[in-house]
Visitor: 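Before we start, here is the structure in question, set down as structure tokens.
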Amino acid sequence: MTIFIIRRLIVTIPVVLLVGIAAFLLVHLTPGDPADFFLDPDSPVEEIERIRARLGLDQPLPVQFVNWFGGVIRGDLGQSFHQRRPVLEMFGRAFPPTIYLTVTSLLLALIIAIPIGIFSAIRQDSLLDRFASVFVLIGVATPNFWLGLLLIQLFAVQLGWLPAQGFVRPEADVWGSLRSLILPSIALGYSGAALIARMTRSGMLEVLRQDFIRTARAKGIAENRVNYVHALRNAFNPILTVIGLAVASLISGSLVVELVFNFPGVGRLVVDSVFRRDYPVIQGSLLLIAGITIVVNLVIDMLYAVTDPRIRYA
Amino acid sequence: MSTRPTRLPKRLVLGAVAAVLALGSIAYAQDDPNVGGTLIVGFHASLEVMDVMGVTATRDEIWQMVFEPLVTMNAGLEPVGVLADSWSVSDDGLEWTFALRQGVTFHDGEPMTAADVAASYERLMRIGARRSEFVRITALEVIDEHTVVFRTDEPWGALPETFSMPSGAFVVYPERVVEALGEDLMGITDVELMIGTGPYQVEEIVPGERLVFTRFEDYTQPHGEASGWAGPRGQYLDEIVVLPITDEATRSLALFAGEVHIADQLPPEDVVRLDADPNTVAAYREPGRRTYLKMNDKHGPFTDHLLRQAVQIAIDLEEAMFTQGPEESWRVNPFVRYQEGQWMWDGEVMAPYYQADLERGRELVAESTYDGELIRYLTRPDLPDQYRPTSVVLELLQDLGLNAELMVVDGATFTDVRRDLTGWEIKSAGGGSVVPLSYLDASGIDRNGEPWNWVGDDWFEQLEIIANELDEDIRREAVLELNRISAEAAGEIWLGDLFSVVGVRDNVRNIPDWHYMRLFDVWLD
Amino acid sequence: MPDVPRAAAPGPHDPREGEREDLGRHRKGLLQRLREILFRNQLTSIGTVLTGAILLMAVFAPFLATHDPLRTNVRNRLQPPSAEHWMGTDDAGRDIYSRAIFGSRVSVRVGYSVVVLTTVFGLAIGVAAGYYRWLDGILMRTMDALMAFPSIFLAIAILAALGPAESNVIWALSVTLTPGTARIVRGVVLSLKERDFIAAARGLGARDLRILRRHVVPNSLAPLIVQSTFVLGVAILSEAGLSFVGAGIQPPTPSWGNMLADAKRYLFVAPWMSYFPGLFIVFGVLGLNLLGDGLRDAFDPRMRGG
């Protein structure tokens, strides 16, 4: 197990390097001059050059890359052009809202999906099974930003039940924080439900046909107990895989939802930074997001081993 | 965020006297102000950096609460003292003596003196984004604790006006803050250093989330009448919280949901709903912003005068403005840079050039050398004023038989591309309308600082008259002549004026009827 | 923006691995077989019909539209649905119904182009990685790197660099969606390599290319077709998301995504502006997902009910 983790971590190194190079190149090849955001666009060229020099953009590209990546290796992601705060600090502020949103969305997706998945497997091909499939698939098919806008219109503006925008940090107000998470979590979580429901269903179906379930049934164990305890436990692995995938997809989806709900998360940080060409923030955030995704996948793979003793890592 | 999209640059400092607008001063409500409470503002821009000297990417509404200049502008664009009580110029016109207001203290409790003015001026000249406009000043001399003298190498009547410019402004920081900032020109991020003399002080800045300002108890009021940024500043509120909500739809939703008291720059269509909702009130701001088109006469098909004229004669200005929203939210105005009601404005001058005559336009295209070349219409969706008319204008270009296509890019790319005169043929543009006469020259100069091809000696002659003449009638005639020259050249097509929409909850009082929000004047019932 | 359900790829622990049906074996009665698959149950039928309807809409858009989708009439802007304008008019006075009809063309063009590109690249990369051990590491690490970026971040970054044009949207989405397809193909190749008949073919001196054509492609076909339906759906949703962020299909060309993005400003005064393109997206993507589920079940005998 330890060897497996170490091997996976070593393999991660070239991936991180690739991500770093890609992020750097993408950012620097994009048209638009970060210096323009400090000045009227018609400022004299010398003024723009002065700002460029101040931002370190007057250096050759390879030098800039080495400077940046050298810092990254030492754990220094650089400083934002705009806020002039360390990128790590800014990401650190933006990350919790995104994580809260992702986690509550995932929970919501699980709450919707697992009962539907189990039910669909037990009552395979019943009318309700089909209805459930369509219900969760509508979630996948609905653009989450549109769903978000519709939810705001209904629950925030017309009914006035929930806030229309913004995020309340839980350290300030737990209840307010939860309230500010409800609508964005629905907008985001609904789309994640289908995948989880589908995998729960197929995982359950798979297991329900296996020998030990038949044995359990033959032994006279109550049907419910067979379904929920034995089958579900064995259906857990594929569900775990999907949760891993769903996390990546939710982080991706949170970007757009954050914009709709004016959520001060990673998505908005990156989009704002792209629009004002805040290179260190874009590069650093992309690198961190990639790193987090890799770690999540690694943890999921390790969980396999824990939940399924049949899997051994050489 | 982009830099001051609603204000056009001031490129040359001409000896212009401020334009006098036929604008009323701020109408104060008669009822007694209610003191106390927290105002929550949904603001269109995200701000983290508080500095107005080194960078121009700041917002007047925000920094005017915290920092104060020696001189500011009133609603008529006239220079009016804030930290300067008065000023006088010597007979030879080379010495400007400013008497500072006494008893002014900074937010940290220290008194504001001539030494702070000198230190701030020194910083401005070192790192100021617009310091090139101050080059005629050769020296600053501290006479005593409350008097400073600026010397110029030749008479320069525009000195107070230049001091009053809100972009890259000459504000006064404490000397110790200037020292602490050193060579740093990128702005103040440390709340500890955000020390001004304004009516509100910075309490907290959470980047991207909120800015909190609290009443500065030791504030001393400027004299005079409240108008524009000038005059006494109300301090009714205990606290002002600014929430950056950059998406206009979300801003609007937050207002309707009662999460903010004020939301600025709303979609004009929302007026209907703001009026219908008993809890909200819509306020139009006049004058608002201008929107126009610029054709590239240095490269590509629009170097042909006939082709530019074809677009000009064929365009239906009203139709183009209809894309902006309900009729109440805009007016057609082809006059360059100025608005109905301003003393130099004359709508008749431009009328002959704009006929909305598509047939005549097609004839001109046929007469021109145009041969199906691609016409790239550069625009940016992040500035809706500029972006919305593109649907109609693009269709017009195509109806004229031009091979036109939109080139929609984000703000940063737009700024980059428009400098490259081989990168576009026609582009959308916009600007603030409350501009002094000195802004007129911006029309004649491309983004690299070179005059456009259509700009000839006659253009500069008129600019000289505007800069140097004192007689208002002569200056006005020069402005009209400049408009004729511009219209003849057909390099720019000014479409019209837009009125900003500010939405407020019904308990918000004393939102002045001006283009900028004087947040410090507001109170809550 | 949901990522492609990568679960469709046979992972190392996927019990279904190696049990896929070979489409190629059903040459005879193809039409009948196709009908059996496409209309195998109610849900799949709905999916087939919806997907087909959108294809037909795209092909016959000029006949279905009642107005020129680009023709503005600003004095008639933001009109609610009426006999003249079935879905109302937008902020430039254009007919929303006609724009939505023509918008299907963008979805179809972008969607199918992305499917073709991801399939070609996915096949090439997947086969190379599955076949040649020395390439496997580099290729799959690159794919991992691509997958490590949440897809819309990557697409936005690519579009910011390339500039927003339809072809660039297609490239950006193809880059973000290729890794999923590549993994599927690699999985198929790896499972085939273990099988006897490949070894036999090799033993008989069959060229790699021939093995590829005779065995790998046919065996990959079923999972790739299933994957395609999901890629299509994701492409349509991603285009909408990119348009919302301002990096999608450029005006005046109508796409469901940019129509929806435009509608955001008029939520109160003209809600119909968002309802119709929104519902078109929902039905389009729902159809593709239902079809995809049906196809998956059809190709994977173990998932069949009963």
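Every chain is numbered from 1 and lettered A, B, ... according to where its sequence line falls, protein lines coming before strand lines.
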Visitor: Hey, mind stepping through A/Val140 and C/Leu286 against side-chain contact (heavy atoms from CB on, under 4.5 Å) and telling me if it holds?
Guide: CA-CA 7 Å; A/Val140 179; C/Leu286 178 67; over 6 Å; no
Visitor: Does the side chain of C/Leu279 reach to within under 4.5 Å of the side chain of A/Trp146, using non-hydrogen atoms?
Guide: yes
Visitor: Considering non-hydrogen atoms only, spot the tightest contact between A/Leu150 and C/Tyr275 and give its length.
Guide: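 Scanning both residues, the minimum pair turns out to be CD2-CE2, 3.9 Å.
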Visitor: A/Leu147, A/Thr142, A/Ile292: which one forms the most heavy-atom pairs within less than 4.5 Å of chain C?
Guide: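 Heavy-atom pairs under 4.5 Å are most numerous for A/Thr142.
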Visitor: Check each atom of C/Ile156 against the heavy atoms of chain A and say whether the ones under 4.5 Å are side chain, backbone, both or neither.
Guide: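 For C/Ile156, the side chain is the part near chain A, not the backbone.
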Visitor: About how many Å separate OG of A/Ser133 and CG of C/Leu290, when rounded to the nearest 0.5 Å?
Guide: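 Rounded to the nearest 0.5 Å, the CG-OG separation comes to 8.0 Å.
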Visitor: For the CD atom on C/Glu36, are there more than 12 heavy atoms of other groups (residues, nucleotides or ligands in this structure) within a distance under 6.0 Å?
Guide: yes
Visitor: Could you look at C/Ile236 and say if it's the side chain, the backbone, both or neither that has a heavy atom under 4.5 Å from chain A?
Guide: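 When you check distances to chain A, no heavy atom of C/Ile236 falls under 4.5 Å.
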Visitor: Looking at A/Leu255, A/Val157, A/Leu17, A/Val271, which one has more heavy-atom pairs under 4.5 Å with chain C than the rest?
Guide: A/Leu255
Visitor: Checking heavy atoms, do the side chain of C/Phe283, its backbone, both or neither come under 4.5 Å from chain A?
Guide: neither
Visitor: Checking C/Asn41 against chain A: side chain, backbone, both or neither under 4.5 Å from a heavy atom?
Guide: neither
Visitor: In the structure I gave you, are the side-chain heavy atoms of C/Leu267 and A/Ile152 within less than 4.5 Å of one another anywhere?
Guide: no
Visitor: For A/Ser285, is it the side chain, the backbone, both, or neither that has a heavy atom closer than 4.5 Å to a heavy atom of chain C?
Guide: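 Neither part; nothing is under 4.5 Å.
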Visitor: So which atom in C/Phe244 and which in A/Leu149 form the shortest heavy-atom distance, rounded to 0.1 Å?
Guide: CE1-CD1, 4.3 Å
Visitor: Output the option from A/Pro143, A/Gly139, A/Ala23 having the highest count of non-hydrogen pairs under 4.5 Å with chain C.
Guide: A/Pro143
Visitor: Drop me the distance from A/Leu18's CG to C/Met143's CE, to the nearest 0.5 angstrom.
Guide: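 CE of C/Met143 is found 10.0 Å from CG of A/Leu18.
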Visitor: Do C/Leu43 and A/Phe131 come close enough that some side-chain heavy atom pair is under 4.5 Å?
Guide: no
Visitor: Picking from A/Val257, A/Leu26, A/Val16, which has the most non-hydrogen pairs under 4.5 angstrom with chain C?
Guide: A/Leu26
Visitor: Working to the nearest 0.5 Å, report the span between OG of C/Ser274 and CZ of A/Phe145.
Guide: 9.5 Å
Visitor: Could you look at A/Ile282 and say if it's the side chain, the backbone, both or neither that has a heavy atom under 4.5 Å from chain C?
Guide: neither
Visitor: Is A/Val19 close to chain C through its backbone or its side chain, or both, or neither, when contacts mean heavy atoms under 4.5 Å?
Guide: both
